[in-house]
Amino acid sequence: MQSISSALNDSLIGKEVELRGWVYRIRSTAKLCFVVLRDSSNIIQCVGKIDELGEEKFKILSSLTIESSLSLKGIIRKDERAVTGYELNISDYYIFCRNVNFPVSKDISEDFELDNRHLWIRSREFTAVLKIRSTIFKAFSDFFYENGYYQVQPPMMVSTATEGGSTLFKVPFFGEEAYLTQSSQFYLETFIFSLEKVFTISPSFRAEKSRTWRHLTEYWHAEGEVAWIGNEEMMDIEEKMIQYIIKAVLDQNMDDLKILNRDLEPLKDSLKPFKRMTYDELISQSESLGMPLKYGDDLGADEERKIMSNFTRPLFITHFPSELKTFYHRPDPENPNLILCHDLLAPEGYGEIIGGGERIWNLEELQQRIRDNGLKEEDYYWYLDLRRYGSIPHSGFGLGLDRLAMWIMHLDNIKKAIPYPRTIRRLKP
RNA sequence: GCCGCUGUAGCUCAGCUGGUAGAGCACCCGCCUGUUAAGCGGGCGGUCGUCGGUUCGAACCCGACCGGCGGCGCCA
């Protein structure tokens, strides 16, 4: 028994192999039957002949249905007419499950595809998506392991919000109320006093009633927090990290990118240095970028899309006005109205994939900002403790892995980048 | 929360100014000398989202309700 991709090999020509998998396509004539077999690795055309199998076995084989499961034995042959260049001449087979009817056919809507995601997951397209996602998740971790970081595991059930505006999911908690985390940032900050350089990949939950092409209720949040560094160094690290991930995908997933018809140029271009622009510079250039903005305007979806359709590699926007960002961001000592932070916008119109920057590390300053935002100090007692005991300068970031995946694969909706999307109206399958 | 759209066969859709429902695909049966989600012939398959109203008559007009989709805000 071997994988289909390993069977597509000149050294096996004329040899008998046994393959197993699922019926990807099936066509038959009176005396010939073509079963295109699929497994996790690839597809191969297998041909059954009535003369060789006998009438009975031929009839059963040729009446198989899409996605039925079977194993096949036969001789490998090179054949230009076959989809992947090789063909298996079936000498015998065993059927595990003959399907009555596989619901996923060639005419399906995006909605039907989502209702049947548990079956759509078998499609070649989604198999490619899953393989690329796997590379992205691994590459993210590898990058940080290779650079001396520790992976940590923050809690998912928490007692307070990280960011004021976001809506939280309430969960019953032994007579109390708990919430599902919307960001692990504050917990990551606690870890740096022990490990200095930490990262995590964990889910974040947002109960906002968002209905957009790039929001999920549950998403995979890749976060990092680093002791002793500032905004610029943080961006240096993120840039290398993104490039490391893209390089891994280009190295390992060329076949999958091809199945998705991904234009490789923007990915290759993103291996070159990223441009950095202050919010001020962005506003003054906004007219020539096709999206006139006034000082104080936040970047919405439309703004980001228009601006980023001018770029083929990611762009850092830095130094936002303080009123546009949440309380924990550190103001620039030389200009307290601006914040030492950054967003990383993905090119080709995709927009924000990372938010990050320096954290306020002075106790009084942080207390002031909490009060200014109408929040209660008691709720943040442990976060404030970090500024009481051995506080240090530090920076961090949060990356939306599903958004990154969506851009890398050039998908038009984030729901196509995650196997089981959770949105305001979708909890199944 | 706001704006727009939508609901007809398992799937994708058509159905005119109201006259009791149609195609392609899937599935089943048959035919076919190598097919590329093949071709030909036949078959199965519908309380037209729900309830009410108008009408001799409603998939179609009106109302209410229910479900779904897209976009914005919020963010990653």
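Convention: sequence-line order gives letters A, B, ...; per-chain numbering from 1.
Within the nucleic acid shown, A/A301 comes within 4.0 Å of sugar-phosphate atoms alone, with no base atom in reach, counting heavy atoms only.
Here, B/A59 and B/A9 have their P atoms 14 Å apart, quoted to the whole Å. Across the P atoms, B/G18 and B/C60 are found 11 Å apart, a figure rounded to whole Å. With both ends at atom P, the span from B/C44 to B/G4 equals 45 Å, rounded to whole Å. Going from the P atom of B/C48 to that of B/G43 covers 23 Å, rounded to whole Å. Comparing the C1' positions of B/C5 and B/U55 gives an interatomic distance of 30 Å, to the nearest angstrom. A gap of 15 Å separates the P atoms of B/C65 and B/G1, to the nearest Å. Straight-line distance between the P atoms of B/U50 and B/G34: roughly 47 Å, to the nearest whole Å.
Atom CG of A/L61 and atom P of B/U35 are 18 Å apart (whole Å). For A/W213 and B/G71, the CH2 to C1' distance is 12 Å, given to the nearest whole Å. As a whole-Å value, the separation of A/F112 CZ from B/G67 C1' is 17 Å. Counting to the nearest Å, the P atom of B/G71 and the NZ atom of A/K306 are 16 Å from each other. In this structure, A/E238 atom CD and B/A76 atom P are separated by 12 Å, rounded to whole Å. Rounded to whole Å, the distance from CD on A/E208 to P on B/C75 is 8 Å. Per the geometry, CD1 belonging to A/I242 stands 12 Å off C1' belonging to B/A76, to the nearest Å. When the C1' atom of B/G67 is taken as reference, atom CG of A/L114 falls 16 Å away, rounded to whole Å.
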Taking protein heavy atoms under 4.0 Å as touching, what does nucleotides 22-34 of chain B look like 5' to 3' if B marks base contact, S marks sugar-phosphate-only contact and - marks none? --BSSSS---B-B

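With ring centers used as reference points, A/H410 lies under 6.0 Å from A/Y350. With ring centers used as reference points, A/Y279 lies under 6.0 Å from A/Y295. Taking the ring centroids of A/F327 and A/Y380, they lie under the 6.0 Å cut-off.
Both tests hold for A/R276 against A/F316: distance to the six-membered ring centre under 6.0 Å, angle to the ring axis within 45°. Relative to the ring axis of A/W407, A/R214 does not place its NZ or CZ within 45° and under 6.0 Å from the centre. Annotation: cation-pi pair A/K49/A/F58 absent, no NZ/CZ under 6.0 Å from the ring centroid and within 45° of its normal.
Taking A/W220 as the reference, nothing meets the side-chain hydrogen bond (donor to acceptor under 3.5 Å, both in side chains) condition, with sequence neighbours excluded. In this view, A/R122 and A/E67 satisfy the salt bridge (charged side-chain N to carboxylate O under 4.0 Å, His left out) rule, not counting sequence neighbours.
In this structure B/G18 sits in no base pair that meets the Watson-Crick or G-U test at under 3.5 Å. If you check B/U47 for Watson-Crick or wobble pairing at under 3.5 angstrom, you find it has no partner at all. B/A76 makes up no base pair with any nucleotide shown, lacking Watson-Crick or G-U wobble contacts both under 3.5 Å. Across the strands present, B/C61 finds its partner in B/G53; the criterion is a Watson-Crick or G-U wobble pair with both atom distances under 3.5 angstrom.
The ring pair (Phe, Tyr, Trp, His ring centres under 6.0 Å) with A/F199 is formed by just one residue from the set A/F397, A/Y150, A/Y145; it is A/Y145. Among A/V47, A/L61, A/I50, A/L53, the one residue that satisfies the side-chain contact (heavy atoms from CB on, under 4.5 Å) test with A/C33 is A/L61. Of the options A/L257, A/T135, A/I408, a side-chain contact (heavy atoms from CB on, under 4.5 Å) to A/L250 is made by A/L257 and by none of the others.
Contact of the A/L345 side chain with the A/I353 side chain is not registered, since no non-hydrogen atoms from C-beta on lie closer than 4.5 Å.
Of the side-chain N and O atoms in A/R305, one or more sit less than 4.0 angstrom from OP1 or OP2 of B/C72. Of the side-chain N and O atoms in A/S109, one or more sit less than 4.0 angstrom from OP1 or OP2 of B/U12. The shortest distance between the side-chain N/O atoms of A/R25 and the OP1/OP2 oxygens of B/U36 is not below 4.0 Å.
Taking every heavy atom of residues 419-429 of chain A and every atom of RNA chain B, pairs under 4.0 Å involve A/R425, A/R426, by number. Taking every heavy atom of residues 343-361 of chain A and every atom of RNA chain B, pairs under 4.0 Å involve A/E352, A/I353, A/I354, A/G355, by number. Against RNA chain B, the stretch residues 395-410 of chain A makes heavy-atom approaches under 4.0 Å through A/G398, A/G400, A/R403.
Side-chain contact of A/R206 with A/Y219: a donor-acceptor pair under 3.5 Å is present, judged by distance alone.
For A/D302, the listed nucleotide lying nearest its side chain is B/C72; candidates were B/U36, B/C74, B/C72.
Where A/W120 and A/E110 each meet RNA chain B at their nearest nucleotide, the meeting point lying more 5' is that of A/W120.
The backbone N or O of A/P419 sits less than 3.5 Å from a side-chain atom of A/R117, completing a donor-acceptor pair. A distance-only check finds a donor-acceptor pair linking the side chain of A/E281 to the backbone of A/T278 [under 3.5 Å].
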